[in-house]
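Note that ligands are numbered from 1 as they come in the structure, with each ligand's atoms numbered from 1 the same way.
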Amino acid sequence: MQGAGNDYIYVNTLRHPIADPVRTSIKWSSCHTGIGSDGLVLIGKSTKADFSMRIFNADGSEAMMCGNASRCIGKYVYDNKLTQKEVITLETLSGIKILKLHTENGLVEEVTVDMDLPLLTNSRQINTPDGKMLAKTITVDGKEYKGTFVCMGNPHLVIFIDDIKNVNLPAIGPKLENHPLFPERTNVEFVEVLPDGSLRMRVWERGSGITMACGTGACATAVAAYLNHKAGRKSRVRMDGGDLQVHWNETDGHVYMTGPAVKVFDGEIEI
Ligand SMILES: N[C@H](CCC[C@H](N)C(=O)O)C(=O)O
């Protein structure tokens with residue numbers, strides 16, 4: 001399945017348990033010798049929510065949260081009749097998320113995820129005295145990057161630039177992902193504010209490299225844009241693989257992300 005082009009392999013572990021998800025994600029994510037994807041997502045049961053999610057990047061590292069995958073899980077469980085509810089809860093390593101399923105002709109087309117509160121300080125994920133970084137400057141290979149750190153359960157460094165076409169993402173992405181400021185590494189988003197006010201974002205994901213879209217990254221982008229006075233509380237985030245609508249709700253402080261979820265194919269593979 002894919003959400004705005006961010007494609008993962010989804011396994012319903014209620015039927016097919018995966019003993020070694022780290023090795024399996026590495027093997028199956030490979031585009032030439034495996035299936036080819038941004039990683040592996042395990043759909044499971046939960047004692048605290050309707051379902052649970054575990055997400056493994058293409059390098060086998062496990063992440064706390066995945067925005068695009070949470071929407072695809074909403075589609076999977078409804079379309080495959082594992083639930084008839086149109087509001088479901090999903091247990092993740094970064095807490096329980098609430099999903100509102102938008103259906104058409106009995107199938108889920110879009111999902112709105114309550115991504116909970118953004119964190120601007122997280123001393124576990126960022127090495128600054130106060131664990132916070134709003135528009136601080138990082139120097140890499142003599143070039144300065146002014147970034148804002150936003151944690152959406154997982155870490156994001158958001159950098160605003162004038163022209164996104166000038167970013168050499170394959171070169172700078174891994175250097176920022178692995179910068180000593182981020183002991184757990186970080187996802188990296190470069191953002192250009194377009195004339196219509198929408199946010200054009202490209203992402204280098206921790207553990208997967210360039211992806212077509214990043215749900216938590218789109219949320220971090222919208223939060224950072226508001227904090228840096230570059231957007232209001234509602235943003236359209238335009239990525240290589242598609243757009244997501246993000247609303248940082250003033251009333252409850254939660255971030256709401258709305259976007260598509262698409263099934264690409266069902267398949268079988270030997271473990
Ligand atoms: N690479 C991310 C996990 C996937 C997040 C992304 N694909 C999304 O849609 O939120 C990390 O290691 O934190």
Does ligand 1 have an atom under 4.0 Å from some heavy atom of Thr211?
no
Please list the nearest protein heavy atom to atom 9 (O) of ligand 1 with its residue and the distance rounded to 0.1 Å.
Gly215 N, 2.8 Å
I need the atoms of ligand 1 closer than 4.0 Å to a non-hydrogen atom of Ala63, numbered in the order shown.
3 (C), 11 (C), 12 (O), 13 (O)
Checking heavy atoms under 4.0 Å, the part of Trp204 that sits near ligand 1 is neither
Using a 4.5 Å cut-off on heavy atoms from C-beta on, say whether the side chain of Ser61 contacts that of Phe56.
no
Please tell me if the side chains of Val255 and Val246 come closer than 4.5 Å, counting only heavy atoms from C-beta onward.
yes
Considering the options Val203, Asn68, Asn57, which one meets the side chain to side chain contact (heavy atoms under 4.5 Å, CB included) requirement together with Thr211?
Val203
Residue-ligand contact Ser208/ligand 1, heavy atom below 4.0 Å
no
Just which atoms of ligand 1 are under 4.0 Å from any heavy atom in Glu205?
1 (N), 2 (C), 3 (C), 4 (C), 5 (C), 6 (C), 7 (N)
Within 45 degrees of the ring normal and closer than 6.0 Å to the centroid, is that where the cationic atom of Lys75 sits relative to Tyr78?
no
Check the pair Arg206, Glu177 against salt bridge (charged side-chain N to carboxylate O under 4.0 Å, His left out), reporting the backbone distance first and the verdict last.
CA-CA 6 Å; Arg206 173 178 64 173; Glu177 172 194 0; over 6 Å; no
Is Gly207 close enough to touch ligand 1? Criterion: a residue heavy atom under 4.0 Å from a ligand atom.
no
Cys214 N/O to ligand 1 N/O under 3.5 Å
no
Tell me the contacting part of Asp38 for ligand 1: side chain, backbone, both, or neither, using a 4.0 Å heavy-atom threshold, strictly below.
neither
Any N or O of Asn68 closer than 3.5 Å to N or O of ligand 1
yes
Hey, what do you get for OH (Tyr76) to OH (Tyr10), rounding to the nearest 0.5 Å?
12.0 Å
Nearest 0.5 Å please: distance from the CG atom of Asn127 over to the CG atom of Leu181.
6.5 Å
Would you mind telling me if ligand 1 is within reach of the side chain of Met65, the backbone, both or neither, using heavy atoms under 4.0 Å?
backbone
So for Thr216 against ligand 1, with non-hydrogen atoms under 4.0 Å, the contacting part is both
Parallel, tilted or perpendicular, as decided by the 30° and 60° cut-offs, for the rings of Phe190 and Tyr145
perpendicular
What is the nearest protein non-hydrogen atom to atom 2 (C) of ligand 1, stated with its residue, atom name and distance?
Asn187 OD1, 3.3 Å
Determine whether any heavy atom of Arg185 lies closer than 4.0 Å to an atom of ligand 1.
no
Would you say the side-chain atoms of Trp204 pair up with the backbone N or O of Pro170, donor to acceptor, closer than 3.5 Å?
no
